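Note that ligands are numbered from 1 as they come in the structure, with each ligand's atoms numbered from 1 the same way. Positions are given from 1 along the sequence. Small disclaimer: the values here were computed from a predicted structure and weren't measured.
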Amino acid sequence: MLSQKTIDVIKSTVPALEVYGTEITTIFYKNLFSSHPELQNIFNHANQNQGRQQTALANTVLAAATHIDKLESIIPVVKQIAQKHRSLGVKPEHYPIVGGHLLRAIKEVLGDAATDEILSAWKNAYGVIAGVFIELEETLYKQAADQEGGWKGFKQFKVVEKVEESDVITSFYLVPANNSPVPIFEPGQYITIRHKIPGETNLINRQYSLSAASNKESFRISVKREAEETKPAGVFSNYLHDHINQGDIVEITAPAGEFVLNSASTPVVFISGGVGVTPLMSMINSIAEQQPNRQVEFVHAAKNGKLQAFKQELDHLNERLNNSRFSFIYDNPSEQDTMNTHFKKQGYIDVEWLEENTILKGADYYICGPVPFLQAVVKGLKELGIQDSEIHYEFFGPAINMEGK
Ligand code: HEM
């Protein structure tokens, strides 16, 4: 437990951290990687380069500082991060390394303003926060390893099928290279893939949502080819598309994640943008198998039909579900796209459209897509009176708060 004095000191530093948070974490990462280059194998450099990771860590440290006297209120956020850490193989021995560099970065940026009292308060607070993460992650490692077919860390999987789902999205079906069983997972969870790409110094890790229902035989991920010019963001996805084929081996960690479908019988509204459809494909496939009478509203926005994945699969799902409606919204549809039976609108989803098409009494909303899409949809649903507890969302990349900071 932290003393009241420590809590007071931590809280008094929140304004400075608000101003310098990103600067502190930028310096932190630079120093961390120069003294521990091996850690570059687990961090996503695309996120680093875009400054997103700096923002995510800064936001969490800030949130922890603000709630230091009632840490339980940020447990949902901590859980989500712990899942990500578990999925990446973050270990207890990494925490003192990260903590030491964080403190040194605070000192470097704040200079004389970072008194011994402040640094010692932060050291204590970091220790408490790290302790919460370590304990939670230990439970998650154990859960992942203990279930049938489960494992700890990375395991080799073989690509048994590669299927083009659209001009830019390709699915990979993966089975354990040693033919062991595939663990069951919750619809909405993701895996981390790790691979050594020729020409890259470090191993590269990426998270991809599982896009099919849990089936004990294989995992399916569906990867969007990111534009070459977004390098390094596109390095991994282009490599998978161009060089990973049937018979190839990749290393993956066991499924993780908190963005999962509830198994209640409440109506469910799925709203996705672009490749954000992938975790929702796992969810809707699970509903088709286990709750075919559950009411489902499936809304998917894409640039056009050629870039949209899973059109045929969604048609089959429409037949398998007894109470479902599908709506496709295209930004720039072809004439053929506008003739699709599910085509509803050209342009973007706005509040009026949400109000007319998605508001179901007692429904749960699952939303996934790029940040601006998510912000617009979540804001719209809230304006329409949907409660926070009914809105579940995930986007790709590290957590950024919904105000987009
Ligand atoms: C991701 C916070 C300790 C490695 C994250 C994220 C946050 C965070 C907010 C983004 C989560 C998301 O994407 O949803 C923290 C805090 C820590 C801590 C507050 C200390 C109390 C560590 C340690 C390591 C680590 C000790 C291991 C060296 C990572 C990695 C990612 C991550 C590799 C994924 C980032 C990426 O590459 O995109 N962490 N973390 N973290 N964390 Fe931590």
Side-chain angles (χ1 to χ4, degrees), residues 2 10 17 21-22 24-25 28-29 31-68 71 74-103 105-106 122-138 140-141 153-154 188-194 202-209 232-233 235-236 253 256-259 279 368 371 374 393-402 405:
L2 295 171
I10 292 288
L17 272 177
T22 304
I24 290 169
T25 39
F28 154 77
Y29 278 114
N31 294 343
L32 179 72
F33 292 147
S34 68
S35 66
H36 285 275
E38 75 283 1
L39 289 180
Q40 300 200 57
N41 289 315
I42 65 168
F43 280 88
N44 173 345
H45 294 272
N47 289 340
Q48 304 290 318
N49 286 10
Q50 290 163 10
R52 292 208 305 224
Q53 189 54 36
Q54 286 86 326
T55 318
L57 183 58
N59 279 342
T60 312
V61 173
L62 252 186
T66 315
H67 297 92
I68 196 75
L71 271 178
I74 59 160
I75 282 294
V77 182
V78 172
K79 270 192 178 162
Q80 192 192 321
I81 300 164
Q83 291 269 7
K84 187 76 158 279
H85 284 164
R86 201 287 285 147
S87 164
L88 281 154
V90 171
K91 303 205 175 81
E93 58 267 31
H94 292 141
Y95 279 86
I97 302 172
V98 163
H101 279 287
L102 196 59
L103 280 180
I106 291 177
W122 267 99
K123 191 167 178 226
N124 285 339
Y126 177 85
V128 170
I129 297 164
V132 174
F133 275 106
I134 290 170
E135 201 183 315
L136 205 55
E137 284 157 22
E138 197 182 315
L140 295 175
Y141 275 115
F154 283 88
Q189 289 194 305
Y190 58 81
I191 53 160
T192 293
I193 296 200
R194 177 171 80 175
N202 303 299
L203 293 169
I204 301 198
N205 291 295
R206 287 290 182 275
Q207 282 77 46
Y208 293 106
S209 297
V235 169
F236 201 71
T253 56
E258 295 277 306
F259 175 63
C368 189
V371 178
L374 262 180
Y393 56 81
E394 185 173 79
F395 58 87
F396 297 112
I400 309 177
N401 70 34
M402 285 301 282
K405 283 184 199 159

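Thr192 places no side-chain N or O within donor-acceptor distance of the main-chain N or O of Asn205, the cut-off being under 3.5 Å.
Atoms of ligand 1 lying under 4.0 Å from any heavy atom of Gln80, numbered from 1 in the order shown and given with element: 14 (O). Within ligand 1, counting atoms from 1 as listed, the ones closer than 4.0 Å to a heavy atom of Tyr126 are 20 (C), 21 (C). For ligand 1, the atoms sitting less than 4.0 Å from at least one non-hydrogen atom of Ile129 are 21 (C), numbered in the order shown with element in parentheses.
Applying the side-chain contact (heavy atoms from CB on, under 4.5 Å) criterion to Lys123, with sequence neighbours excluded, gives Leu103. For His101, there are no ring-ring contact (aromatic ring centres under 6.0 Å, His included) partners two or more places apart in sequence or in a different chain.
Atom OG of Ser35 is separated from atom CD1 of Ile97 by 8.0 Å, given to the nearest 0.5 angstrom. Taking CZ of Phe33 as the reference point, atom CD of Glu38 lies at 10.0 Å (rounded to 0.5 Å).
Here the shortest heavy-atom distance to atom 34 (C) of ligand 1, taken over Thr25, Val90, Leu88, belongs to Leu88.
Between His85 and ligand 1, an N or O atom pair is found at a separation short of 3.5 Å.
With a heavy-atom cut-off of 4.0 Å, Lys91 does not touch ligand 1 at all. Looking at Lys84 against ligand 1, only its side chain comes within 4.0 Å, counting heavy atoms.
Applying side-chain hydrogen bond (donor to acceptor under 3.5 Å, both in side chains) to Glu258 and the options Gln80, Gln83, Lys79 leaves one that passes, Gln83.
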